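Input: a single structure, listed below in structure tokens.
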There are 2 protein chains.
Amino acid sequence: MSRTTLKQFKEKAFQNSKVQEEYDLLKPEYAIKKKLIAMRKDAGLTQEKLAEIMGTKKSNISRLESFKSSISPRIDTLINYAKATGHELKVDFV
Amino acid sequence: MSRTTLKQFKEKAFQNSKVQEEYDLLKPEYAIKKKLIAMRKDAGLTQEKLAEIMGTKKSNISRLESFKSSISPRIDTLINYAKATGHELKVDFV
DNA sequence: CTAAATATTATCATATTTGATAACTTTTGT
DNA sequence: ACAAAAGTTATCAAATATGATAATATTTAG
């Protein structure tokens with residue numbers, strides 16, 4: 001029983017390590033999406049309402065926020081999203 | 001002579017005010033470009049060298065950095081620029 | 001001052017994002 | 001449980017960024 005547990009432990013550690021690696025690789029994009037969603041929710045807006053403010057459609061907001069989507073939004077899109085949720089975009093290079 | 005100077009002064013003040021307004025409106029984009037240029041120079045790279053590292057052409061770097069250009073770069077483009085100059089992109093919404 | 005180095009500009013092709021629409025799925029409220 | 005609300009997904013059109021090339025302009029080094 002303990003041998004199976006050790007094998008499972010190693011496998012799980014490997015999986016976590018792999019996920020972590022992918023997470024790190026996608027870090028800025030991942031972080032941006034998390035922030036987009038947080039801002040919208042903090043503003044108490046549905047995707048549809050936000051879309052309305054931004055002059056677009058909810059499906060486009062969904063695409064922007066989706067972790068399954070590999071798109072790389074343009075700066076002006078992020079600026080508009082920020083404004084619509086009461087924020088301002090700030091880009092740094094660290 | 002003093003009347004002409006006064007007229008020119010007002011005109012210049014108007015122009016500056018107008019430029020300032022446009023500057024403010026374009027603030028994030030303007031700031032990004034300034035940072036791009038600073039990073040490249042800090043890294044001691046010409047546009048041509050940087051282009052080489054990024055796998056593109058110097059003219060494309062020039063376009064990215066140009067204050068006369070109204071393009072809105074994609075996030076992945078900025079990520080690649082950052083990496084090539086030894087930095088990492090960080091996006092915030094303040 | 002001058003040539004080399006560096007940067008800019010224009011143009012067209014290609015790639016990718018955003019716009020628009022509709023169908024579908026999941027979540028929420030009662 | 002069920003309908004409405006909210007979010008997702010796919011698709012195609014339009015818009016825009018990037019790739020690639022070449023000519024031109026500006027800056028720099030000697």
Side-chain angles (χ1 to χ4, degrees), chain A residues 22 25-91 93, chain B residues 19 22-23 25-91 93:
Chain A
E22 286 183 2
L25 286 175
L26 297 174
K27 200 167 178 183
E29 293 99 325
Y30 182 82
I32 290 168
K33 290 173 196 283
K34 287 203 66 173
K35 286 168 182 170
L36 292 185
I37 295 167
M39 288 193 295
R40 177 170 63 81
K41 291 188 173 178
D42 285 351
L45 301 170
T46 60
Q47 291 182 337
E48 186 163 13
K49 270 294 178 187
L50 179 59
E52 201 175 304
I53 297 171
M54 285 177 70
T56 183
K57 305 294 183 181
K58 69 182 177 181
S59 58
N60 297 326
I61 301 297
S62 184
R63 182 169 58 196
L64 272 179
E65 294 179 354
S66 173
F67 291 107
K68 293 183 187 176
S69 154
S70 62
I71 66 157
S72 209
R74 293 189 324 236
I75 288 296
D76 62 342
T77 304
L78 294 182
I79 286 172
N80 292 336
Y81 191 112
K83 278 182 183 168
T85 52
H87 290 86
E88 185 174 339
L89 174 68
K90 186 171 190 306
V91 172
F93 299 95
Chain B
V19 170
E22 286 183 359
Y23 162 70
L25 288 175
L26 297 173
K27 199 168 180 181
E29 292 101 323
Y30 181 82
I32 290 168
K33 290 174 196 284
K34 286 203 66 171
K35 284 168 185 176
L36 292 186
I37 295 167
M39 288 193 295
R40 176 171 63 81
K41 291 186 172 179
D42 286 350
L45 301 170
T46 59
Q47 291 182 339
E48 186 165 14
K49 270 294 178 189
L50 179 59
E52 202 177 304
I53 296 170
M54 287 177 69
T56 182
K57 304 292 183 184
K58 68 185 177 185
S59 55
N60 297 325
I61 302 297
S62 184
R63 183 169 59 196
L64 272 178
E65 294 178 356
S66 173
F67 291 106
K68 292 182 187 176
S69 153
S70 61
I71 65 156
S72 209
R74 292 189 325 235
I75 288 295
D76 63 340
T77 303
L78 295 182
I79 285 171
N80 292 337
Y81 191 113
K83 277 181 187 170
T85 52
H87 290 85
E88 186 173 339
L89 175 69
K90 187 169 190 303
V91 172
F93 299 95

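Since the model is a prediction, treat every value here as computed from it, not as a measurement. Order of the sequence lines fixes the chain letters, A, B, ..., with proteins taken first and strands second; residue numbering starts at 1 for each chain.
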Quiz item: Between B:K57 and B:A51, is there a donor-acceptor pair closer than 3.5 Å when you use the side chain of the first and the backbone of the second?
Solution: no
Quiz item: A:N80 side chain to A:D76 main-chain N or O, any donor-acceptor pair under 3.5 Å?
Solution: yes
Quiz item: Quick one: is C:dT8 close enough that its OP1 or OP2 comes under 4.0 Å of any side-chain N or O from B:S66?
Solution: no
Quiz item: Touch check for B:S59, heavy atoms < 4.0 angstrom, all strands: base, sugar-phosphate only, or nothing?
Solution: base
Quiz item: If you check every side-chain atom of A:R74, which of D:dT16, C:dG19, D:dT8 has the closest atom?
Solution: D:dT16
Quiz item: Is the backbone of A:L36 close enough, under 3.5 Å, to the side chain of A:Y81 for a donor and an acceptor to pair up by distance?
Solution: yes
Exercise. Find the distance between CD (B:Q47) and CD1 (B:I61) and round it off to the nearest 0.5 Å.
Key: 7.0 Å
Quiz item: Between D:dG7 and A:R40, is there an OP1 or OP2 to side-chain N/O distance shorter than 4.0 Å?
Solution: yes
Quiz item: About how many Å separate CG of A:L50 and CG of A:N60, when rounded to the nearest 0.5 Å?
Solution: 11.0 Å
Exercise. Give a yes or no answer on whether the side chain of B:R40 reaches the backbone of B:L45 with a donor-acceptor pair at less than 3.5 Å.
Key: yes
Practice problem: Ignoring the backbone of A:K58, work out which of D:dG7, C:dT8, D:dG19 is nearest its side chain. | Solution: D:dG7
Quiz item: Below 4.0 angstrom from OP1 or OP2 of C:dT8, is there any side-chain N or O of B:K68?
Solution: no
Self-check item: Nearest-0.5 Å distance that lies between atom CG in A:L78 and atom NE2 in A:H87
Solution: 13.5 Å
Quiz item: Looking at B:S62, does any N or O in its side chain come under 4.0 Å of the phosphate oxygens OP1/OP2 on C:dT8?
Solution: yes
Quiz prompt | Terminal axis angle for the helix from C:dC1-D:dG30 to C:dT30-D:dA1, five pairs an end, nearest 10 degrees | solution = 70°
Self-check item: Donor-acceptor pair (no angle test) under 3.5 Å: A:R63 side chain, C:dG19 base
Solution: yes
Quiz item: Out of D:dT8, C:dT18, D:dT18, which nucleotide sits closest to the side chain of A:L64?
Solution: C:dT18
Self-check item: Given DNA chain C, 5'-ward residue of the pair A:I71 and B:L45, judged by closest heavy atom
Solution: B:L45
Quiz item: When we call it a touch if two heavy atoms are under 4.0 Å apart, what does A:T46 touch: a base, just sugar-phosphate, or nothing?
Solution: sugar-phosphate
